[in-house]
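In the text below, chain A, chain B and the rest are named by the order of the sequence lines, each starting its count at 1.
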Amino acid sequence: MSGMRRFRRGFAATPISALAATAMIAATPAPVVAAQPAGIRIPGQLINADGTPVAGRVLVFVSPQNSDQLDETPVGMAVVGKDGNYSITVPDREATVQLVAAQNDGWVNFVVVAIFADGTIQVNNSSGRMNARSTSYLSTRAGIEPDRVDAEPLRFVKSETPNGGASAQATGVDDQTFDISEFHLTRTLVSDVDDKWGSVSPTGAAATSGSFVLGTSDLWTVIGEFHKWKDTSGTFTYGKRADSDIGGSISYDGTNWSATAAVKISNSASVAVTFSFPNNDTDTFGRQLRSQFRYVKEFNEIVGPGGYYNSWTSIRATQWNTGGDYNGKDKTNEDGHCDTRPNRVSFGKNMSLTRDSLSAYTYSAAVTAFGVGLTAKSGYSTYVQSQWKFGNQYNTYWACGSNAMPGSAHIVYMGPNQ
Amino acid sequence: MNLPMFRRRAQPVRTVLSTLALAVAITLAGCTNPRDESTPASTVRTVLDTEVSPIPAGSRLTTGIQAEPGTRTAFGVRVITNEGSGPITIEDISLVELDAGLKLLGILVSIDPDREASGVGGAREFPANNPGANYQDPAGVVLYPRTTPAGENGMEISVGLEATVPGNLSAKGIRVKYRNDGRKYEVVYPDTLRICTPPDPCT
């Protein structure tokens, strides 16, 4: 595994190791509870298909951007009791977390792996934002908001059919002898044409043989939607520090794919992309707008104590490449009807409207990566801005919200003019 | 002048709108404390209790109107809706950070369900001409839930401004105080209302 980027830490030297130590000496299989360091909280629950809570373990790994090959140990872990609940706090000062946060405007994406008592797994994405004010490298951004965003709770449902190639091993919650550093997650880029799923031994012996080729793809992805009607100019700006939530996908068998929670991709670069729409008197525009993101397809393998092994394949976004593309889905049929739609507002000649979007909207099928459709959601950011400047040829210029008043709607449609 | 703060309760959000409101609260307000008197008046914040405050804050809107000094203008793009289950009563609406050189002509509201425009975003007259709208003083106005016929068109906040001097002049926010179920709330919309002397494009 030479050349692999490693994210390993000394077990005894970090706050999370203290958390693990607490878990090891716990007398009962209750969720790990320790003095919580400042950090991103990752809560959730393990349940059976019938909804009843179930015990197990949960491991949290950081998802770095720009990955090629990764070999990681967890940054957080919980032994989950019979109530199924867990809450893992990943400390702000965890070195790996700081590294990733610095690349992603404070946002940190995680892979959360739930290991049930029989060794089967469920995997999902999660993301949170670290405390920008608590770290020196972000101190120059003191005052940006929000300070910290905890992860959304995840619910892992144990499959009726064991997945992956789970090997028989003792990983029950009564086994307290494991060490957090005994778990490793390796992620190797794979491509559609060289997916080695079938060649991987259940024992993982061939898992990191280096036979995989790069599985990256730079794809135009929907970041917003802009509409304008006649005698109007406009701009749509994405960034600086705009961000998108881009859905992921996962397969436990290499064939059947299911959606995972989104990863947060932020533009921490000092650039923005602005789409400009000049006023050519009669031109209208109504389309989804796209920018380019990098996606990776990875083969994931987890090994643990007692010879534990499991694997899955995942697709995720890793970074924003910048750039703008006006050729998203055509939505012009939505425009020109505001005079008869609800949630409409009017403007006069030589007026302007600027909208800093705080209303996120999820675009389904925003991108197809490696043959799998993913969602994308832009917004929740003061750095996604739409602007319109109305001309002087009409007395009234109509605008209307797609689902609410323009101040809180997902999308603002335009026209007609009267 | 300090803005009173309300605590955002750590309870599960129940609806899409309250989720949006939570994001707004996180983005714009951060953690707030009802006894925090240290916030400078120049900081425009949206303070929102996502669990019980029925008015979502939404996006930040900036309206620009080209107008010569002395022109009466109306700004009404901010239309608020009651996303709660019961009526709320408006107590007061005021502006935040009004530039010198701008004269406040008044703040009126309309809750008439059948008014032609939910809001007159910009007009060079005040009150604005909006058929079906009966503009009135905001104090005491009852805003019904959006899910009811009386509340589905929301409440337009129409702000009358007049520039008394040439330039690019603005107000930096709209503060709404209201009562709901015996509790008092305040929402500050960080909207900018701008008047510019031509040929300033006012964007």
Side-chain angles (χ1 to χ4, degrees), chain A residues 129 133 143-150 152-153 233-235 338-362 377 379-390 392 395-401 403-410 412, chain B residues 12 16-17 19-31 45-46 55-67 73-81 83 116-125 128-130 146 152-154 156 189-192 194 196 198-199 201-203:
Chain A
R129 189 170 191 167
R133 293 172 183 164
I144 64 174
E145 68 282 352
D147 289 348
R148 179 184 291 116
V149 177
D150 286 332
E152 291 289 324
S233 61
T235 59
C338 287
D339 58 334
T340 57
R341 294 178 72 155
N343 309 317
R344 61 182 180 269
V345 296
S346 63
F347 294 87
K349 298 177 179 179
N350 294 322
M351 297 185 185
S352 65
L353 173 65
T354 302
R355 184 177 185 262
D356 294 294
S357 177
L358 297 174
S359 177
Y361 180 61
T362 299
K377 180 170 71 176
Y380 289 156
S381 168
T382 56
Y383 299 91
V384 178
Q385 185 182 83
S386 302
Q387 186 175 77
W388 298 266
K389 187 174 188 317
F390 306 108
N392 59 10
N395 291 319
T396 302
Y397 298 77
W398 286 103
C400 54
N403 64 319
M405 298 298 172
S408 51
H410 297 319
V412 176
Chain B
V16 172
L17 283 169
T19 303
L20 297 179
L22 173 62
V24 171
I26 290 171
T27 305
L28 295 179
C31 297
R45 290 187 170 200
T46 297
I55 298 181
S59 299
R60 179 179 301 162
L61 301 171
T62 299
T63 307
I65 299 179
Q66 272 189 349
T73 63
F75 293 80
V77 73
R78 179 56 68 183
V79 182
I80 63 176
T81 52
E83 303 298 331
E116 181 178 81
S118 298
V120 177
R124 292 183 181 81
E125 59 184 340
N129 177 21
N130 187 6
R146 187 168 65 97
E152 63 183 356
N153 208 14
E156 176 189 6
Y189 297 95
D191 296 348
T192 299
R194 180 175 292 144
C196 311
C202 218
T203 54

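- Remark: the backbone N or O of A:His410 is paired with a side-chain donor or acceptor of A:Asn403 at under 3.5 angstrom.
- Using a 4.5 Å cut-off between heavy atoms, A:Trp388 makes no contact with chain B at all.
- Between the CZ atom in B:Arg146 and the OG1 atom in B:Thr81 there is a gap of 5.5 Å [rounded to 0.5 Å].
- B:Asn153 and B:Ser118 are linked by a side-chain donor-acceptor pair at a separation below 3.5 angstrom, with hydrogens and angles left out of the test.
- For the residue pair A:Ala399 and A:Phe347, the shortest heavy atom distance occurs at CB-CE1, 4.4 Å.
- With a threshold of 4.5 angstrom between heavy atoms, B:Pro198 does not approach chain A through any atom at all.
- Proximity to chain A is absent for every atom of B:Arg194, based on heavy atoms less than 4.5 angstrom apart.
- Between the side chain of A:Tyr397 and the backbone N or O of A:Asn392 there is at least one donor-acceptor pair closer than 3.5 Å.
- Residue B:Glu152 touches chain A through its backbone alone, counting heavy-atom pairs closer than 4.5 Å.
- Considering only heavy-atom pairs separated by less than 4.5 Å from chain A, the leading option among B:Cys202, B:Ala67, B:Ala117, B:Gly119 is B:Gly119.
- The candidate from B:Gly122, B:Gly76, B:Ala123, B:Gly154 with the greatest count of non-hydrogen atom pairs under 4.5 Å with chain A is B:Gly122.
- With respect to chain A, the highest number of heavy-atom pairs below 4.5 Å among B:Val77, B:Thr63, B:Leu61 belongs to B:Leu61.
- Both the backbone and the side chain of A:Met351 come within less than 4.5 Å of a heavy atom of chain B.
- Side chains of B:Asn130 and B:Glu116: no donor on one and acceptor on the other come within 3.5 Å.
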